[in-house]
Amino acid sequence: MKRLCTLAFTSVIAANAAYADFSLDSRYVDNDNDLVADIPTDKSQLTDPSTLIFAYTPVEDPAVYEDVWSDFLEHMEDVTGKKVKFYPVQSNAAQIEAMRAGRLHVAGFNTGSNPLAVACAGFRPFAMMAAADGSFGYEMEIITYPGSGINKPADIKGKKLAFTSQTSNSGFKAPSAILKADFDMLPERDFEPVFSGKHDNSILGVANKDYPAAAVANSVLHRMVERDVVKADQIKSIYKSQTFPTTGYGVAYNLKPELQEKIKEAFFTFNWKGSKLKQEFKSEDQFLPITFKEHWNVIRKIDTANGVSYSCK
């Protein structure tokens, strides 16, 4: 069940953690101290593309999500007066690099890669999916398959644990911090870490018994079960975390201010009822306004616990 996220990180490691040493890349400025890149005041640095490129976080098959987002992108076209094209990214790194290079204008970055996108790509997040009552978020779950002999996190010792990618919150950062703090378990020393690339790869890997265990976002797991990609009885959960913020949606910092406002308008005026987006994200009913400074506070604390650096290459 989805809960209203309190944004209080309760594990032992975060209780003793200071805020992450978060700063933006030198190409950006933050005069208002909201932790995101300011919109350039020099008009020559602003961009007004004839076609907006949109990308959704690469958690599952991009071809599926191009159709899922089609209603919404048509709405964005109507509101902005621009053509909007779906860009199927294959990795978090590729998505961040596309925005940093100016090839991506509007995007949903997953929870864990959001801080890096803000710091290195000038990403300005402003919205997140939520239920009608304002509740939002997902949990990290460590899963296995029935009969694996794994009944609790300690049972993973000596075995493989599948992560997704190093930029993923639920696929790597949160489970790494929690396993270290609460179970005194470290990769290489206590278990063999492997990387599947995506949450659906990890889930399918466990369901097909390729991985004995995996750390995943349960929002992805729930959607895969609903679409009958995997059966519920193929998966067994042995750990569930607190609730984390989910994918953050926003824009590139250097889009014209009036265009950024129109894009925001498209998100906040979208009618979910009967849409393909609603069919896929069944528990969601709206885009909720958010700020990176407040809503990603818990994620920056997890990054601090993991010694994450926001330096940009």
Side-chain angles (χ1 to χ4, degrees), residues 1-2 11 56-65 68 89-93 110-113 137-244 246-247 280-283 299 302 306:
M1 179 180 296
K2 189 185 299 186
S11 89
Y56 177 61
T57 180
V59 293
E60 296 182 72
D61 184 357
V64 172
Y65 280 82
V68 166
V89 292
Q90 298 297 326
S91 70
N92 295 318
N110 71 10
T111 305
S113 67
Y138 71 97
E139 292 80 36
M140 181 279 293
E141 293 197 41
I142 299 177
I143 60 172
T144 185
Y145 54 84
S148 67
I150 298 174
N151 299 301
K152 56 186 183 298
D155 295 336
I156 298 172
K157 286 188 176 182
K159 301 179 176 64
K160 290 182 179 180
L161 174 63
F163 295 119
T164 58
S165 68
Q166 292 183 331
T167 57
S168 173
N169 179 62
S170 56
F172 180 69
K173 294 178 181 180
S176 295
I178 290 168
L179 287 171
K180 178 181 178 181
D182 297 346
F183 301 97
D184 189 30
M185 291 175 62
L186 296 174
E188 305 296 351
R189 188 190 76 181
D190 299 302
F191 60 88
E192 180 184 351
V194 295
F195 289 88
S196 71
K198 300 179 183 180
H199 288 269
D200 59 327
N201 292 347
S202 289
I203 293 165
L204 285 169
V206 169
N208 293 321
K209 303 181 180 181
D210 296 325
Y211 303 133
V216 300
N218 61 8
S219 56
V220 180
L221 174 60
H222 296 159
R223 291 198 299 272
M224 292 180 71
V225 170
E226 287 170 355
R227 290 209 314 269
D228 206 29
V229 178
V230 294
K231 303 289 186 182
D233 61 8
Q234 291 179 282
I235 303 294
K236 174 183 174 182
S237 177
I238 60 168
Y239 183 90
K240 181 187 284 190
S241 74
Q242 72 166 96
T243 301
F244 297 119
T246 186
T247 298
E280 176 66 13
F281 299 93
K282 291 180 173 58
S283 61
I299 305 305
I302 292 174
N306 285 325

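For the numbers below, each heavy atom of this structure counts, side chains included, while hydrogens, waters and symmetry mates do not.
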Worksheet item: What do you reckon, is NZ of K160 surrounded by more than 12 foreign heavy atoms closer than 6.0 Å?
Response: no
Discussion item. Counting only heavy atoms not in K231 (residues, nucleotides, ligands), do more than 12 fall under 6.0 Å from its NZ?
Written reply: no
If you compare all heavy atoms of [X] against all heavy atoms of [Y], which two are closest, and at what distance to 0.1 Å?
X    : Y    : result
M140 : I142 : SD-CG1, 3.8 Å
A207 : Q234 : O-NE2, 3.5 Å
F281 : R223 : CE2-NH1, 3.4 Å

Worksheet item: Is it the case that N201 and Y211 place a side-chain donor and acceptor less than 3.5 Å from each other?
Response: no
Discussion item. What I want to check is whether the side chains of N306 and S176 have a donor and an acceptor closer together than 3.5 Å.
Written reply: no
Would you say the side-chain atoms of [X] pair up with the backbone N or O of [Y], donor to acceptor, closer than 3.5 Å?
X    : Y    : answer
T144 : P212 : yes
S148 : Y145 : yes
N218 : E141 : no
H199 : V220 : no
T167 : S113 : no

Practice prompt. Before giving the answer on salt bridge (charged side-chain N to carboxylate O under 4.0 Å, His left out), spell out for K157 and D184 the whole-Å C-alpha distance, their side-chain angles and the decisive distance to 0.1 Å.
Written response: CA-CA 11 Å; K157 286 188 176 182; D184 189 30; over 6 Å; no
Taking C-beta and beyond as the side chain, do [X] and [Y] meet within less than 4.5 Å on heavy atoms?
X    : Y    : result
V216 : S170 : no
I150 : I238 : yes
E280 : Y65  : yes
I156 : Y239 : no
I235 : V225 : no
N92  : Q166 : no

Between atom [atom1] of [X] and atom [atom2] of [Y], what is the distance when rounded to the nearest 0.5 Å?
X    : Y    : atom1 : atom2 : value
I203 : I143 : CD1   : CD1   : 5.5 Å
K173 : I178 : NZ    : CD1   : 13.5 Å
Q90  : K198 : CD    : NZ    : 4.5 Å
T111 : I302 : OG1   : CD1   : 9.5 Å
N110 : Y138 : CG    : OH    : 7.0 Å
S202 : L221 : OG    : CG    : 11.0 Å

Item to complete: Would you check, one step at a time, whether the test side chain to side chain contact (heavy atoms under 4.5 Å, CB included) holds for Y56 with V68?
Response: CA-CA 10 Å; Y56 177 61; V68 166; over 6 Å; no
Practice prompt. Test L179 against F191 for side chain to side chain contact (heavy atoms under 4.5 Å, CB included), laying out the working first.
Written response: CA-CA 11 Å; L179 287 171; F191 60 88; 4.1 Å; yes
Discussion item. Run the ring-ring contact (aromatic ring centres under 6.0 Å, His included) test against F163 and tell me which residues pass, sequence neighbours left out.
Written reply: F172, F195
